[in-house]
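Note sheet for the following structure.
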Amino acid sequence: MNSRKVRVRFAPSPTGGLHLGGVRTVLFNYLFAKQHGGDFILRIEDTDQTRFVPGAEEYIFNTLNWCGLVPDESPVHGGPFAPYRQSERKALYRQYAEQLVKDGYAYYAFDTTAELEQMRIDFKTTENPSPQYNQHIRTKMRNSLTLDAATVAQLLKEGAPHVVRIKMPEQETVHFTDMIRGEVSFNTSQVDDKVLLKADGMPTYHLAVVVDDYLMQVSHAFRGEEWLPSAPVHLLLWKYLGWEAEMPQWAHLPLILKPEGNGKLSKRDGDRLGFPVFAMDWIDPKTNELTIGFKQRGFLPEAFVNLLAMLGWNDGTDQEIFSLKELVQKFSMDRVHKAGAKFDYEKAKWFNHEWIKRTPARQLLKPVRQILGIYDPGTSSDPVLEKIIDLVKDRCTLLTDFAQQAGFFVALPEEVDTGAVKPKWDVKKNLFFTELLRTYQLSNTWEAASLEAGFKELAAANQLKPGELMLPLRIMLVGGKYGPGIFDIAAILGKEETLKRIELTLSLLEHP
RNA sequence: GGCCCGUUCGUCUAUCGGCUAGGACAUCUCCCUUUCACGGAGGAAAGACGGGUUCGAUUCCCGUACGGGCUACCA
């Protein structure tokens, strides 16, 4: 076993928004690192210039920041193993690729794209619909294994475009112990000769991940299950490069699946089913298309992190609500599931609701101000807003729900649903409210209990049932059939505002 | 097609050989609430299939079925 310091890395490619699965990988990396007093490092895998999307790297940082998963080392934070962008480490990879060729573990391949395509057509059969560049095919292609040394030297000298491919051994069994799956093994004759170094001199993921993990002294490598089939390539590379003793421990995380049907969760599913799959809003600079994020949908970062953690992990008890701090304490790799989990947006919203309920009003001040559009503390002071938040937060599942649940406190209702009272509206009720106006006008105190008492007294005097009058009052103050106790609302609204709204609606009901 | 991984209520999951199979979301019923929610009580709901091993299998092994992933000079 190695006693090295724990160092884990998350290495996204900047090709778009960070989706649920991506953030969960970050989370598990982070939790494991922090739990062991280790480092969580962020590396950017931007070796594919054709897919690189400007702005994506910054977006990744913003997401990590919002979630509270700040790396110890990264392209922006710096660190002892800089640079952390693969595009800036380009020169490094070539030398290792050459070393592999020299040692006979890899070879140059000069095949053109067209030749490769032709090969896939020529060797395609019903039994083998997708022929691979493997130990059989390579003997029929143009590479340093089939060409004589002089020709190869000449081609290289001429600068002929070429790639470096790993030479997979025949009939060897490669096996390793996955932290989640246990013993996993592969027969090398089943895996193809993957490209290690591309014609443009950039490494593929296979070479880069091994070289960088080695150089950056990564001790544990967590990634999605979709990487499992290429694990033998990486294992062999560690061995061929002579670094076997330093190889990190692997963990392949289960996939997050789409809610209906089967398959990996994709951005499309979110669009189709109406829920976010990205942590934060993502605008594709190529298409200008906006994909809504969990943040903008009204999720608290605590809830988002919590829901992600529970998608594939639990602590063995019935507890479901965990703070990030608690997760760091209780997380354990051996309780991560093997099977993929379908994403359930309803449950996700439940997590958010729980977090809104248990977050102190103070901490909700900022997001609520943003949603209500009141940035000026003068409009509504913090203490008042805190009172409002405490009154309504139980009925808010998303932060955006505060718009409806609390909007009427800070502004006149946009729409007053007079239709809800009009059918039963009559002279007696009109009279009652006119009198109520006078009573409230004269009252010295202005708090919920006395307002309610006065209301009921007056109702009795007019021989009306309070129940019939509460809804009209609610419509007057709130505008609709929702919100907390009506006298609590009136108390916060204040005398002037309350009377104003009653008068306003009263005239609306009289002169439609 | 090949290789790899997986399989407990509709969904997320507990169970590390003794199970009347527990919890949560969703759903249904009732209570609370003179709005809408929150909340409370309760109901319905699961071990893919077939073989072993064992006194005993959801749990261990094998096979089958089903699902998923990979099969690019993408990660």
Side-chain angles (χ1 to χ4, degrees), chain A residues 11-15 45-48 50-51 109 111-113 116 120 124-134 161-165 178 180-181 184-187 189-192 194-206 208-209 223-232 252 254-255 257 259-264 307 310-321 334-335 337-351 353-354 357 392-397 401 404-405 420 465-471 473-475 478 480-486:
Chain A
S13 69
T15 54
E45 315 221 316
D46 56 348
T47 53
D48 185 0
T50 60
R51 294 209 317 161
D111 317 283
T112 63
T113 314
L116 287 173
R120 290 192 184 104
K124 186 171 174 168
T125 59
T126 355
E127 297 84 52
N128 187 8
S130 44
Q132 300 185 294
Y133 204 117
N134 60 17
H162 64 278
V163 301
V164 174
R165 303 188 93 110
D178 187 275
I180 296 169
R181 270 149 238 285
V184 183
S185 64
F186 301 85
N187 186 323
S189 57
Q190 300 291 345
V191 348
D192 60 329
K194 291 273 181 238
V195 170
L196 263 21
L197 199 69
K198 300 186 259 187
D200 63 2
M202 280 290 203
T204 59
Y205 172 82
H206 306 296
V209 76
R223 54 179 14 171
E225 193 186 349
E226 69 268 28
W227 285 107
L228 207 43
S230 50
H252 290 90
L255 263 18
L257 276 10
E260 52 169 43
N262 295 298
K264 250 203 297 194
L307 103 234
M310 298 312 286
L311 225 45
W313 176 86
N314 72 82
D315 75 341
T317 72
D318 288 340
Q319 185 178 347
E320 293 194 86
I321 303 297
D334 53 15
R335 291 204 64 90
H337 308 145
K338 293 181 173 78
K342 283 187 188 180
F343 177 66
D344 180 357
Y345 188 51
E346 292 306 315
K347 183 93 185 213
K349 285 195 292 192
W350 175 79
F351 275 108
H353 191 189
E354 289 300 313
K357 280 194 287 184
V392 306
K393 69 178 184 172
D394 280 5
R395 42 209 345 131
C396 294
T397 298
D401 292 340
Q404 193 197 47
Q405 294 298 333
K465 283 187 216 150
E468 292 177 61
L469 303 164
M470 303 271 266
L471 184 64
L473 180 61
R474 174 170 296 280
I475 298 296
V478 176
K481 291 192 251 183
Y482 51 83
I486 194 62

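Below, chain A is the first sequence line, B the second, and so on; all start at residue 1. None of these values were measured; they are calculated from a predicted model. What's counted below: heavy atoms across the whole structure, side chains too, no hydrogens, waters or symmetry copies.
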Spacing between A/Q190 atom CD and B/rC5 atom P, to the nearest angstrom:
13 Å
When the C1' atoms of B/rA48 and B/rC66 are compared, how many Å lie between them, rounded to an integer?
7 Å
Which pair of heavy atoms, one from A/H353 and one from A/C396, lies closest together, and at what distance?
CD2-O, 3.1 Å
Pairwise C1' distance for B/rG50 and B/rG2, with rounding to whole Å:
26 Å
For B/rU54, the Watson-Crick or wobble partner whose two distances fall under 3.5 Å:
none
Under 3.5 Å, side chain of A/Q319 to main-chain N/O of A/I321, donor-acceptor pair present?
yes
Do the non-hydrogen side-chain atoms of A/K194 and A/D192 ever get within less than 4.5 Å of each other?
yes
Contact under 4.0 Å: A/H252 side-chain N or O vs B/rC5 OP1/OP2
no
Any side-chain heavy atom of A/T397 sitting closer than 4.5 Å to one from A/W350?
no
P-based separation of B/rG67 from B/rA72 [nearest Å]:
23 Å
NA contact type, A/R335, heavy-atom cut-off 4.0 Å: base, sugar-phosphate, or nothing?
sugar-phosphate
Rounded to whole Å, please give me the gap between CZ in A/F351 and P in B/rU13.
11 Å
Say we look at B/rC12 and B/rU20: how far apart would their C1' atoms be, to the nearest angstrom?
24 Å
Could you pull out the closest heavy-atom pair between A/D178 and A/H252, with the gap in Å?
OD2-ND1, 2.7 Å
Rounded to the nearest angstrom, tell me the gap between atom CH2 in A/W313 and atom C1' in B/rC12.
14 Å
Hunt down the Watson-Crick or G-U wobble partner of B/rG1, both distances under 3.5 Å, from any strand shown, or write none.
B/rU71
Can you build the contact string for nucleotides 21-35 of chain B? Use B for base contact, S for sugar-phosphate-only contact, and - for no protein heavy atom under 4.0 Å.
--SBS--------BB
Tell me if B/rC38 is syn or anti. Syn = glycosidic torsion within 90° of 0, anti otherwise.
syn
Checking A/N314 side chain against A/G316 main chain: does a donor-acceptor pair fall under 3.5 Å?
yes
Between B/rU27 and B/rA37, how far apart are the two P atoms, rounded to whole Å?
12 Å
Does any nucleotide pair with B/rU15 by Watson-Crick or G-U wobble geometry, both distances under 3.5 Å, and what is it?
none
Just by protein heavy atoms under 4.0 Å, how would nucleotides 68-75 of chain B read 5' to 3' in B, S and -?
SBSB-BBB
Check every strand shown and say whether A/K349 touches a base, only sugar-phosphate, or nothing at a heavy-atom separation below 4.0 Å.
nothing
Using a 4.5 Å cut-off on heavy atoms from C-beta on, say whether the side chain of A/K198 contacts that of A/T204.
yes
Under 4.0 Å between a side-chain N/O of A/N128 and OP1 or OP2 of B/rG2, yes or no?
no
Checking all strands, does A/H353 fall into the base, sugar-phosphate, or nothing category for heavy-atom contacts under 4.0 angstrom?
sugar-phosphate
Counting C-beta onward and ignoring hydrogens, is there a side-chain heavy-atom pair between A/L307 and A/F343 closer than 4.5 Å?
yes
Look through every strand shown and name the nucleotide pairing with B/rC66 as Watson-Crick or G-U wobble, where both distances are under 3.5 Å.
B/rG6
Check this one for me: any side-chain N or O of A/K342 less than 4.0 Å away from OP1 or OP2 of B/rG67?
no
In the structure shown, which nucleotide is the Watson-Crick or G-U wobble counterpart of B/rU34, with both distances under 3.5 Å?
none
Using the side chain to side chain contact (heavy atoms under 4.5 Å, CB included) rule, take A/H337 and A/I180 through it: C-alpha gap first, then chi angles, then the decisive distance, then the call.
CA-CA 7 Å; A/H337 308 145; A/I180 296 169; over 6 Å; no
Return the value, rounded to whole Å, for the distance between atom CG of A/L307 and atom P of B/rU11.
18 Å
If we take the P atom in both B/rC74 and B/rG63, what is their distance in whole Å?
37 Å
Report which part of the nucleic acid A/V184 touches: base, sugar-phosphate, or nothing (heavy-atom distance under 4.0 Å, all strands).
sugar-phosphate
With sugar-phosphate meaning primed atoms plus P, OP1 and OP2, does A/F186 contact a base, only sugar-phosphate, or nothing at under 4.0 Å between heavy atoms?
sugar-phosphate
Under a 3.5 Å limit for both distances, which nucleotide forms a Watson-Crick or G-U wobble pair with B/rA46, could you say?
none
Please confirm whether the backbone N or O of A/W313 pairs with a side-chain atom of A/R335, one donor and one acceptor, at under 3.5 Å?
no
Intermediate values then yes/no, side chain to side chain contact (heavy atoms under 4.5 Å, CB included), A/V478 and A/I486
CA-CA 9 Å; A/V478 176; A/I486 194 62; 4.1 Å; yes
Using atom C1' in both nucleotides, what's the gap between B/rG18 and B/rC60 to the nearest angstrom?
15 Å
Can you check the distance between B/rA26 and B/rG10, where both ends of the measurement are the C1' atom (answer in whole Å)?
8 Å
Between atom CD of A/Q190 and atom CG of A/N134, what is the distance when rounded to the nearest 0.5 Å?
9.0 Å
Judged by each residue's nearest nucleotide on RNA chain B, which is more toward the 5′ side, A/G340 or A/D394?
A/G340
